[in-house]
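Keep in mind that this is a model prediction, so the values were computed, not measured. Every chain is numbered from 1, with letters handed out A, B, ... down the list of sequences.
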Amino acid sequence: MNWQTYFIEFSYLLASILFILGLKGLSHPETAKRGMHMAEFGMMMAIIGTLMHFEIVSYTWIIVGLLLGSTLGAAMGVWVPMTAMPQRTALSHAFGAFAAALVGIAEYYSYTHGFKPLAELGQVKMGAMGFEIMLGSLTTTGSLIAFGKLQGIVPGKPLVYRGQNIFNMTLLAVTIGLFIYLIFVPTAVIPFYVMLGLAFVFGVLLVLPIGSADMPVVMSLLNSYAGLASAATGFVLGNNVLIIAGTLDGFSGFILSILMCRAMNRSITNVLFGAFGSAATATAGEGEQGTMREVSMDDVAVQLAYASKVVFVPGYGLATAQAQHAVRELANVLEERGVIVKYGIHPVAGRMPGHMNVLLAEANVPYSQLYELEQINPELSSTDVSVVIGANDVVNPDARDNPSSPIAGMPIIEVDRSKSVIVLKRGQGKGFSGLENPLFFKPVTGMLYGDAKDTLTKLVGAVQHA
Amino acid sequence: MNWQTYFIEFSYLLASILFILGLKGLSHPETAKRGMHMAEFGMMMAIIGTLMHFEIVSYTWIIVGLLLGSTLGAAMGVWVPMTAMPQRTALSHAFGAFAAALVGIAEYYSYTHGFKPLAELGQVKMGAMGFEIMLGSLTTTGSLIAFGKLQGIVPGKPLVYRGQNIFNMTLLAVTIGLFIYLIFVPTAVIPFYVMLGLAFVFGVLLVLPIGSADMPVVMSLLNSYAGLASAATGFVLGNNVLIIAGTLDGFSGFILSILMCRAMNRSITNVLFGAFGSAATATAGEGEQGTMREVSMDDVAVQLAYASKVVFVPGYGLATAQAQHAVRELANVLEERGVIVKYGIHPVAGRMPGHMNVLLAEANVPYSQLYELEQINPELSSTDVSVVIGANDVVNPDARDNPSSPIAGMPIIEVDRSKSVIVLKRGQGKGFSGLENPLFFKPVTGMLYGDAKDTLTKLVGAVQHA
Amino acid sequence: MSPTNIITALYVFALAAFLGYQVISRVPPLLHTPLMSATNAISGISLVGSIVIAGGTGPHHSKVAMVLGFIAVVCSTTNVVGGFVITDRMLRMFKRRETKK
Amino acid sequence: MSPTNIITALYVFALAAFLGYQVISRVPPLLHTPLMSATNAISGISLVGSIVIAGGTGPHHSKVAMVLGFIAVVCSTTNVVGGFVITDRMLRMFKRRETKK
Ligand SMILES: NC(=O)c1ccc[n+]([C@@H]2O[C@H](COP(=O)([O-])OP(=O)(O)OC[C@H]3O[C@@H](n4cnc5c(N)ncnc54)[C@H](OP(=O)(O)O)[C@@H]3O)[C@@H](O)[C@H]2O)c1
Ligand SMILES: NC(=O)c1ccc[n+]([C@@H]2O[C@H](COP(=O)([O-])OP(=O)(O)OC[C@H]3O[C@@H](n4cnc5c(N)ncnc54)[C@H](OP(=O)(O)O)[C@@H]3O)[C@@H](O)[C@H]2O)c1
């Protein structure tokens, strides 16, 4: 082993360590930035190390590729708005998975077309390679569909038809069958490309039937697949840093999807195959009735202005209305009057894990004012006014009180414990679950209709004159 | 690779995973037992796997060794009293390190005496081997001395003389010098045995100058060395499970020694080379004076009997007096009278990390009554009587109030915040640090002299008649 | 890949999995979005594999593999650079208390 | 030990070190004594190395190494068995609330 090889190997080891330290840094906002710089440095070292690899004969395409990718990446990184973070993430899963799939295909091609000794392509290697290619391909197309749904190019409603699950399962079974066949007969080129094609198709069919509000879970899951595909690449190339980075990525996605599901009290299977949010489930629980009390802008302004503690509970509607700056302005005005302002963030509020926090941080809300579900609930009984902004399911008291409700057991932000509740929404629209929300009929609740951003902006003026 | 080798390798992988799960179980007393069973199962699998190793030609000595070791281990495991846990642990570090050293010596012998190809003994291998042998040897003798000090065979007082540190450092430098020489000239048999001998001697000299009350830190440190020696064995044999288990052990010892040092607000260097607790430091801080208020047994009994909340603060003296059962009896009597009883456990109370908890658990104190330093301190201001049993330094308010005190900054259990403090000790004896304790002169404090076990037993009777 | 290599690869995988679980379960929900973009960037390390493929020419290397490798380099680099830039951007927005107030 | 092997060994070591830090820093002081005896028992895994040495006879194996291996087997087994027995014994003493009360 010459010094280059040593250098490469040590750069990889260093990169692995720095990646782990980087992720450890993310356990606190204060240490996160330093952690990321470590990870960036690790990545740089790994790339420099790789460029010394003895197999490389020409740097032309490498440099072109690096430059092109950096330009694309930097452009995306700088210009993508925070509200579009979910789409960006879905797209990047597609890119990552596609790269893994391509590396796998290139390796397979080299082995089967005489560029690498076929004898080296044993069962273990073919297994890892097939895994890499299958996961990579289905994640690529799945993520693209998720991107389309989030971006509004593909219809967000679940696309369902009879026998869908059976059809998809059959398709998956055939793909896996081909994969197993390939492990024993690695030279079967036709089955290989059929498997590849089917995996691409399966990715599309897997995500199409899932409603767009469930995309966060799907995205986390695809994240996990993309990571595992990278880890499989590591197995194929015998490269530890790939295994480590891929596994970390895979686990991160897996943990996030579990957390999301738990925060909705639903199982992964239900999310993937339940077609939740389709017309079928949307008719459930129409029983509840009563009167909603509408309140006027000025009433609300006076209530807020003379409160001593106000909690904002933002939901999916705030994100779609892009009202994060408006709520911050309102909070500013209230704080100037000496009102204590806090935000209660439900884990599934927003359009991807942690999204609401980023949106509010962008609008200059200090993170010390952002409270998690478990932190804000004990505070609500001492809160004068809770303002629900474009949220519905995450404050639905049925989840707590009515064991027969479809969302029973889902943890909620219990705004109905505060002295007064103001709900900002456009009309009688249901939430993602399609359920009636008894909160709106409670005597403590007042409804203030209108687009969230509009209403909040008007409230700023009204409070200033209160 | 045949199926045996696969089986062996997978048994090792399984063992590694089970060891990690086992240690994870120790994060809570409820899951700890199950965790240990996993680790035990892992160990069994690894041993069964090893017995299939193709190099083994005769099982006679293996079986004799296993039987002998199991008998010894089981006997020790069953009969060692909880108070002797520190000695037992020190002894087991000696055993573990000795085994690692022996394996290293055997390997070296095989290479240099023509039983294994000398060409295989490269610099890396020799480096790992030397590391293993050096660490193993010095840990063996160091742990034996620690054992002797804890058992009372070797004088517990620090043995110091002029130029000691310089002499020890020179010795260490020579040993390391020989080690480096060996890396380049692995066949230098004489230097090898000299290095071995010096490492054994260094272990003795390292521990002799350390006072017996500092043994817990030393023990944790030796634990960490023993673990690292095992990990080095793993490097020599190319065995991952050894690397993993050794590293876990090494880190555990390292973390414990750090925690101990932090709980005393001293640095590792100070512990190792400071000869703390020797005559020189014991004269410090003689300035403090005042009157100690002695209280009578009956006074204390009445106070305790009519208190609503009592906190016991056990220290080193409780462990030496073996008064854990007596304090439990007193607690029983008090609880029967409706008094709330809690225990405040300082991290360095007892004779090894966590020792006090084990002693009290053995005396049937439920662990829900055992409070850590940070947990008990906020409770003390609402405590009627704090009973300090054979503790001194860990309740010394100077550590908090007097920045010029040698123990300034050491976290203490702030018993002086409670309404009344009773101190149980034999006389005017100082604590390990040799410092005067202003707590004893405070008006809130009453002294009850006598052996802790005696006093507590008498108190049980007195409370029953109160 | 030899059998010993695959076994060590399994060790690395198992340890990384445990570590991933431990490290990531300590990330607060506040930082879940940055976490996702950071892990995206990090898993762009597959770049390391693509570079070697994209750089191979000559009789022992296939043109097809090279082209695939090139595309993979572009995709991975986009992820790496984009991921880190966005993560940095997001993290800069998280402030404990405002400066102006 | 080949250079590639030592590098993977370093990976395993680095990952185990991180993992050790994460796992062990979560053990409460309450269980520090059982932790110490448990890690003692676990590091008795060096038994695995000693067994192979103690079991070798014939022209390719040295008597001296065998004797050393035998002693190592005894020492390690003592640690394994003693460590686990004592840990179990201690853990059985930890009870949340008394049964009799
Ligand atoms: N974020 C995630 O990670 C995630 C993942 C999976 C599933 N989900 C699901 O998504 C739901 C999230 O709950 P949520 O309470 O945040 O949202 P939600 O239950 O979907 O309710 C959103 C509410 O916002 C209102 N709204 C929409 N646009 C608005 C605008 N421009 N201005 C004002 N109001 C507007 C809607 O009522 P009007 O039409 O009357 O205005 C609607 O009732 C949950 O059911 C959850 O299970 C979320
Ligand atoms: N445990 C550890 O892990 C560890 C490690 C390193 C260092 N240390 C050091 O050890 C000290 C521990 O503090 P500590 O407060 O627990 O103990 P301490 O400060 O050493 O005091 C022990 C007290 O117990 C009394 N005592 C001794 N035997 C007794 C008996 N049979 N009955 C009643 N009282 C008895 C002694 O006073 P009389 O002689 O008047 O009775 C003495 O003042 C600290 O300085 C710490 O830094 C501990």
Minimum heavy-atom separation for A:Leu237 and C:Gly49, please, with both atom names. CD1-CA, 3.7 Å
Is A:His113 close to chain C through its backbone or its side chain, or both, or neither, when contacts mean heavy atoms under 4.5 Å? neither
Checked C:Leu68, C:Val80, C:Ile45, C:Ile71 vs chain A; the most non-hydrogen pairs under 4.5 Å come from C:Ile45
Can you tell which part of A:His28 gets under 4.5 Å to a heavy atom of chain C, answering side chain, backbone, both or neither? both
Side chain, backbone, both or neither: which part of A:Leu370 has a non-hydrogen atom closer than 4.5 Å to chain C? side chain
Does any heavy atom of chain A fall under 4.5 Å from the side chain of C:Asn40, the backbone, both, or neither of them? both
If you tally heavy-atom pairs under 4.5 Å between each of C:Val12, C:Val23, C:Leu30 and chain A, the highest tally belongs to C:Leu30
Can you tell me if C:Thr33 uses its side chain to pair, donor with acceptor, with the backbone of A:Pro353 under 3.5 Å? yes
Which region of A:Ser220, side chain (C-beta onward) or backbone (N, CA, C, O), has a non-hydrogen atom less than 4.5 Å from a non-hydrogen atom of chain C, or is it both or neither? both
Between A:Ser70, A:Gly253, A:Ser230, which residue shows the highest count of heavy-atom pairs closer than 4.5 Å to chain C? A:Ser70
Quick check: closest heavy atoms across C:Phe94 and A:Lys33, and the distance to 0.1 Å? O-NZ, 4.4 Å
Relative to chain C, which segment of A:Glu40 carries a heavy atom at a distance below 4.5 Å: side chain, backbone, both, or neither? both
Minimum heavy-atom distance C:Ser50-A:Val103, with the two atoms named: OG-CG2, 3.9 Å
Heavy-atom proximity to chain C below 4.5 Å, by part of A:Tyr12: side chain
Please name the pair of heavy atoms, one in C:Leu31 and one in A:Ala32, separated by the smallest distance, quoted to 0.1 Å. CD1-CB, 4.4 Å
Under 4.5 Å from any heavy atom of chain C, what part of A:Ser110 do you find: side chain, backbone, both or neither? side chain
Option passing side-chain contact (heavy atoms from CB on, under 4.5 Å) with A:Ile62 (candidates C:Ile51, C:Val52, C:Ile53, C:Thr77): C:Ile51
How far does CG of A:Leu360 sit from CE of C:Met93, to the nearest 0.5 angstrom? 9.5 Å
Counting only heavy atoms not in A:Phe41, do more than 12 fall under 6.0 Å of its CZ? no
Tell me which of these, A:His53, A:Met43, A:Met36, A:Lys24, has more heavy-atom pairs under 4.5 Å with chain C than the rest. A:Met43
Straight-line distance of C:Lys95 NZ to A:Tyr367 OH, nearest 0.5 Å: 11.0 Å
Select, from A:Gly42, A:Pro29, A:Ser16, the one with the greatest count of heavy-atom pairs under 4.5 Å involving chain C. A:Pro29
Pick from A:Ser92, A:Ala363, A:Ala245, A:Ser368: which one has the most heavy-atom pairs with chain C under 4.5 Å? A:Ser92
Could you tell me the separation between the NE2 atom of A:His355 and the NE2 atom of C:His32, rounded to the nearest 0.5 Å? 14.5 Å
Top residue by heavy-atom pair count (under 4.5 Å) with chain C, among A:Ile105, A:Leu121, A:Ile255? A:Ile255
Measuring from atom CE of A:Met352 to atom OG of C:Ser37, what distance do you get when rounded to the nearest 0.5 angstrom? 7.0 Å
Checking A:Ile244 against chain C: side chain, backbone, both or neither under 4.5 Å from a heavy atom? both
Name the region of A:Leu256, side chain, backbone, both or neither, that has any atom closer than 4.5 Å to a heavy atom of chain C. side chain
One option among C:Thr87, C:Leu15, C:Leu35 has the most heavy-atom pairs under 4.5 Å with chain A, and it is C:Leu35
Contact origin within A:Tyr109 toward chain C - heavy atom pairs under 4.5 Å: side chain
What is the minimum heavy-atom distance between C:Val27 and A:Leu23, and which atoms define it? CG2-O, 4.3 Å
Give a yes or no on this: more than 12 heavy atoms of other residues, nucleotides or ligands lie within 6.0 Å of atom CZ of A:Arg34. no
Verify, without hydrogens or angle tests, whether C:Arg89 (side chain) and A:Val78 (backbone) share a donor-acceptor contact under 3.5 angstrom. yes
Step by step, work out the side chain to side chain contact (heavy atoms under 4.5 Å, CB included) result for A:Met76 and C:Val81. CA-CA 9 Å; A:Met76 241 193 218; C:Val81 176; over 6 Å; no
Does any heavy atom of chain C fall under 4.5 Å from the side chain of A:Leu259, the backbone, both, or neither of them? side chain
Taking A:Thr247 for its side chain and C:Ala17 for its backbone only, find out whether a donor-acceptor pair lies under 3.5 Å. no
Region of A:Asn240 in contact with chain C, defined by heavy-atom distances below 4.5 Å: both
If one checks every heavy atom of A:Pro347 against chain C at 4.5 Å, the contacting part turns out to be neither
Residue A:Phe254 excluded, over 12 heavy atoms near CZ under 6.0 Å: no
Between C:Leu10, C:Val48, C:Val73, C:Leu47, which shows the greatest number of heavy-atom pairs under 4.5 Å with chain A? C:Val48
Report the option among A:Leu66, A:Thr233, A:Ile63 that has the most heavy-atom pairs separated by less than 4.5 Å from atoms of chain C. A:Leu66
Chain A interface, residue from C:Val67, C:Val74, C:Val85 that has the most non-hydrogen pairs under 4.5 Å: C:Val74
Which atom names give the shortest non-hydrogen contact between A:Gly96 and C:Asn79, and what distance separates them? N-ND2, 3.1 Å
Once you round to the nearest 0.5 Å, how far does CD1 of C:Ile42 lie from CG of A:Leu248? 7.0 Å
As an exercise, state the distance from CZ of A:Phe19 to CG of C:Leu19, rounded to the nearest 0.5 Å. 13.5 Å
When only pairs under 4.5 Å are counted, which of C:Pro29, C:Gly20, C:Ser46 shares the most heavy-atom pairs with chain A? C:Pro29
Does any non-hydrogen side-chain atom of C:Ile86 lie less than 4.5 Å from one of A:Met85? yes
Could you tell me which portion of A:Phe98 (side chain, backbone, both or neither) has an atom closer than 4.5 angstrom to a non-hydrogen atom of chain C? side chain
